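This report concerns only the one structure given below.
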Amino acid sequence: MPSSRSGGPPRTARRVRFRWPRSLAGQLFAVQVVLVAVVVAGCAVFTYVQAGRQAEETARRQTTAVATAVADAPAVARAVRSADPTAVLQPYTERLRRDAGVDFIVVMSTAGKRWTHPEPSAIGRTYLGRTAEALAGRTFGETHLGRLGPSVRVITPVRDRAAGGRVVALVSSGITVETISDGLRREVAALAAVAAGVLALGGLGTYLVNARLRRHTHGMNAAELGRLHDYHEAALHAVREGLLMLDGERRVALLNDGARELLGLHGDPRGRPVTALGLPAALAGTLASPAPHTDELHLTDDRVLVVNTSPVSGGERRGTVVTLRDHTELQALAGELDSVRGVTRALRSQAHEAANRLHTVVSLVELGRTDEAVEFATAELELAQALTDQVVGAVAEPVLAALLLGKAAQANEHGVELVLTADSRIDDGVLPASLPPRDLVTVLGNLLDNAIEAAPEGARVRVTALADGGELLLRVADSGAGVRGAADAEDVFRWGWSTKGGAGRGLGLALVRQAVRRHGGTVRAGEAPEGGAEFTVRLPLRPVDAVTGAGNAG
């Protein structure tokens, strides 16, 4: 009984495990190489079989032609009738054999005795092979093991025309199988070289294609690409910001729900150029621009958007990634904050003025001029109270009343007088819930800021606030430079235009038009009676969807 050399467990043969390529490109490369190799191998085998058959058929036709040519030669029939056929036929057949490229030509008697043979020692011996069909006058072929080895041969009768066509001899011509195999081997070698070249070219082409695929897939396999797609879809719809991807032709390649909502897009915009999405011209121009943009403000019909664009490139331009953030609420709050700051500065200035007046009153009292002190204090109180009473009496809406009083103080600080016209009237409860105070502050506050800034020192800013006939009328007129620098009345509401004619300003008027349009109203700019600018806003005092022509304001 055989014993183990050591006491440990018997060693098992190491298994060589084939490691399938991990990346998708590697897997495709392996599959394609195998397919190319199988196709080339199949074609090579088929061609080899066909070449073998064709070589054998060619050899048969060649030997048939040689045998029948010898048998039909008149000199052969005469030599057969001579006393020594070998002396005449042997040189003839050998010369013909070399010229015709066959391995043997044997001329024999009807009894099978050889008169010619490539090996002289075989002359006079009996032919090896069948002769019955030839003796019967038929030409036939066979593959037979003869003196020179296996050969493809043809046997045909020799007829003596002088004797009435009687068969007087037989001719056998043949090519050995070894000769056929040698020719086939040469063809197979050439075929193998061609197959190897095709396989090499196929492998090289497959490698180049898969190298490019590997660059595009970053070496990831199918499972990783699937997970990446799932994560991509989840992240795309989870991001609250708008995300827009454009291809190299500035067509929409991908967008999330946030971008669809922020841009107000309907249907499926993928494949459409950004210039055909119905966006404002400035925003469409930014999206179509090849240069990157950072934190640009753009206005749509109802939103203030912050736009960032970044080109995507990798050796060639592939497109642009666009992010969109909604700053509508933030911009409104910023406007309100600016208004509050202005009011605060005005109140601080008034506090200084009030302190100075108080010191004046106290000084008059100390000087014993009581009557003058009372008259001075009463006049100042009456002036301030008169404006307050006028505003509160005409405008019952507390937010608008507070805004007007604050702007009056701000105007006073700038040396401008804010005047509420006599026909102003807004009763309490007239403004509907669909017209929120924040939007009214945005509209009237920006118009007042624009007028106060545009009016020269000592000028007046006239304000009309009237709610009548189902409509809210807000009119602000100043005596500044007006809107003569604008190309038309619509140009003043374009973002970047200011009443002073400069660029990079003018967001307030653009926000005014945006808020007015959102509620189905109209806003128009024109010339004031005093030569400055006059802005007129008309807002319906009922829901927007019940207003005919809502949103068509200019």
Side-chain angles (χ1 to χ4, degrees), residues 264 278 280 298-305 326-329 331-333 335-336 339 394-404 407 420-421 423-451 461-478 483 486 488-495 497-499 506-528 533-554:
H298 287 275
L299 272 73
T300 62
D301 290 340
D302 55 356
R303 295 182 186 275
V304 179
L305 301 180
D326 187 4
H327 271 216
T328 306
E329 295 294 327
Q331 196 65 45
L333 292 175
E336 293 181 13
S339 298
V395 181
E397 169 58 44
V399 175
L400 288 181
L403 175 65
L404 289 171
K407 292 300 179 182
L420 186 66
T421 59
D423 58 343
S424 297
R425 185 74 183 177
I426 299 179
D427 294 329
D428 191 16
V430 173
L431 300 182
S434 60
L435 196 61
R438 172 178 290 183
D439 288 345
L440 294 178
V441 169
T442 298
V443 173
L444 186 56
N446 279 291
L447 291 178
L448 288 174
D449 286 339
N450 187 73
V461 173
R462 298 182 179 275
V463 182
T464 301
L466 176 63
D468 186 33
E471 182 182 69
L472 174 63
L473 170 66
L474 299 176
R475 180 180 292 118
V476 178
D478 63 69
V483 294
D488 52 42
E490 282 294 312
D491 200 30
V492 300
F493 299 104
R494 177 177 52 83
W495 176 66
W497 190 95
S498 74
T499 54
L507 180 60
L509 291 178
L511 291 175
V512 168
R513 182 173 66 171
Q514 183 188 78
V516 170
R517 282 183 169 181
R518 187 162 55 245
H519 294 286
T522 64
V523 56
R524 299 186 183 280
E527 293 289 334
E534 181 179 82
F535 292 88
T536 303
V537 175
R538 298 180 183 274
L539 292 169
L541 297 180
R542 53 184 180 273
V544 175
D545 55 5
V547 179
T548 302
N552 295 326

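All values derive from a computational prediction rather than experimental measurement.
Listed by chain and number, the residues in a side-chain contact (heavy atoms from CB on, under 4.5 Å) with P436 are D439, H519 (sequence neighbours excluded). When the salt bridge (charged side-chain N to carboxylate O under 4.0 Å, His left out) test is applied to D427, the partners found at least two apart in sequence or on another chain are R425.
Here the closest heavy-atom approach between residue G520 and residue P540 is recorded as O-CD, 3.7 Å.
L400 CG to L431 CG: the interatomic distance, rounded to the nearest 0.5 Å, is 6.5 Å. A distance of 9.0 Å separates NZ of K407 from CG of L444, quoted to the nearest 0.5 Å. The distance from the CD atom of E534 to the CG atom of L447 is 11.0 Å, given to the nearest 0.5 Å. Note: R475 CZ to S424 OG = 9.5 Å, rounded to the nearest 0.5 Å.
Counting heavy atoms from C-beta on, the side chains of L474 and V523 never come closer than 4.5 Å. With a 4.5 Å cut-off on side-chain heavy atoms, F535 and N450 count as touching.
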Run the side-chain donor-acceptor check on residues 463-472: report pairs under 3.5 Å with partners two or more places apart or on a different chain.
{"from": "T464", "atom 1": "OG1", "to": "T421", "atom 2": "OG1", "distance (Å)": "2.8"}
{"from": "E471", "atom 1": "OE1", "to": "R538", "atom 2": "NH1", "distance (Å)": "2.9"}

Determine, stepwise, if the pair T522 / T536 fulfils side chain to side chain contact (heavy atoms under 4.5 Å, CB included). CA-CA 8 Å; T522 64; T536 303; over 6 Å; no
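At least one donor-acceptor pair under 3.5 Å links the side chain of N446 to the backbone N or O of T442.
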